[in-house]
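Read the structure below first, then the notes.
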Amino acid sequence: MLKARTTLAAMSYDFQRGKALMVGRGWVTILLGYSETAREFDVRNAFAYGGVYEDPATGAAAAALGGYLRDLRWPHSGRIALRQGDDMGTPCRLIAEIDPTPAAPIRVSGTVRPLGEGF
C-alpha cells in the first residue's frame, strides 16, 4: 500500500518494460493502492499483460486483495470498498465481501462504466 493518495494519482510506467516484466514473471495485473481507512481503498491496476496501460475496474484484483487482506488479518470487518478508474477518468466502484474462512471465495460486486456499443 502507498502512503499518499497523490503517489497513486501519479502512477506512470513504461508500457513495454512493464509488459515484459509482467509477462516474464507471470503477473497478469499489478495493483497499487492507497488505504483511506481500513475498509476504503483507492486502487489502480496496471494491465500491460492484457495489452492496455490500465484497467478501470478489475474484479479479479479486488478479490485477490480481499483474500490477501484476510490472510494478513487486516481489520476489514468482512467487506472493503474500492474506488478504481478515477485517475483515468473512468470512475468505477467495487465491493469485496470477505468470508473469514481461509481459502473461501471472495464475492465482488459494484458499478462500472459501460465499454461501449454492443457490450
Side-chain angles (χ1 to χ4, degrees):
M1 286 295 151
L2 300 170
K3 294 181 181 181
R5 176 67 180 88
T6 55
T7 304
L8 182 64
M11 179 187 94
S12 153
Y13 69 97
D14 178 284
F15 183 81
Q16 291 304 323
R17 289 180 67 196
K19 184 173 184 175
L21 172 69
M22 294 171 82
V23 169
R25 303 256 174 128
W27 299 343
V28 175
T29 187
I30 298 173
L31 182 140
L32 298 175
Y34 168 72
S35 173
E36 187 171 314
T37 71
R39 299 179 66 195
E40 296 178 39
F41 297 83
D42 287 284
V43 298
R44 295 185 77 176
N45 284 305
F47 191 45
Y49 188 100
V52 295
Y53 189 81
E54 179 175 2
D55 186 356
T58 315
L65 177 60
Y68 178 71
L69 295 176
R70 174 182 52 211
D71 292 351
L72 285 178
R73 301 186 195 279
W74 183 273
H76 52 72
S77 301
R79 181 181 172 120
I80 58 172
L82 297 97
R83 287 180 294 271
Q84 186 177 340
D86 290 17
D87 295 305
M88 60 184 294
T90 310
C92 299
R93 302 296 178 257
L94 299 171
I95 300 293
E97 297 176 42
I98 306 167
D99 185 306
T101 308
I106 305 295
R107 183 174 186 268
V108 177
S109 61
T111 59
V112 299
R113 175 189 68 96
L115 294 172
E117 299 287 326
F119 286 94

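These numbers were taken from a predicted model, which means no experiment stands behind them.
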Subject >> Those residues that, when tested against F47, pass side chain to side chain contact (heavy atoms under 4.5 Å, CB included) (two or more places apart) >> reply: V28, T29, V52, D55

Original post:
For the residue pair A62 and L94, what are the closest heavy atoms and their distance?
Top reply: CB-CD1, 4.2 Å

Original post:
Is there a path from M88 to L2 through hydrophobic residues (I, L, V, M, F, W, Y) whose side chains come within less than 4.5 Å of each other?
Top reply: no

Original post:
Should the pair W74 and F41 be assigned to parallel (<30°), tilted (30 to 60°) or perpendicular (>60°) ring geometry?
Top reply: tilted

**OP:** Please name the pair of heavy atoms, one in P75 and one in A38, separated by the smallest distance, quoted to 0.1 Å.
**Re:** O-CB, 3.5 Å

Original post:
Where is the tightest heavy-atom contact between Y34 and K3, given as atom of each residue plus distance?
Top reply: CE1-O, 3.6 Å

Subject >> L8 backbone acceptor or donor facing R44 side chain under 3.5 Å >> reply: yes

Original post:
Just by modelled atom types, is the A81 backbone N or O under 3.5 Å from a matching donor or acceptor in the R93 side chain?
Top reply: no

**OP:** Evaluate side chain to side chain contact (heavy atoms under 4.5 Å, CB included) for I80 paired with L65, printing each intermediate quantity in order.
**Re:** CA-CA 9 Å; I80 58 172; L65 177 60; 4.1 Å; yes

Subject >> R70 side-chain N/O to A104 backbone N/O, donor-acceptor pair under 3.5 Å >> reply: yes

Original post:
Any donor and acceptor pair, going by atom type alone, linking the side chain of Y53 with main-chain N or O of Y13 inside 3.5 Å?
Top reply: yes

Subject >> Member of N45, L31, V43 meeting the side chain to side chain contact (heavy atoms under 4.5 Å, CB included) criterion with T58 >> reply: N45

Subject >> Residue pair G66 / I106: nearest heavy atoms and the distance that separates them >> reply: C-CD1, 4.0 Å

Subject >> Heavy-atom pair with the smallest gap, counting every atom of P105 and D99 >> reply: O-CB, 4.0 Å

**OP:** Mind running side chain to side chain contact (heavy atoms under 4.5 Å, CB included) on R5 and D87 for me, showing each step along the way?
**Re:** CA-CA 11 Å; R5 176 67 180 88; D87 295 305; 2.9 Å; yes

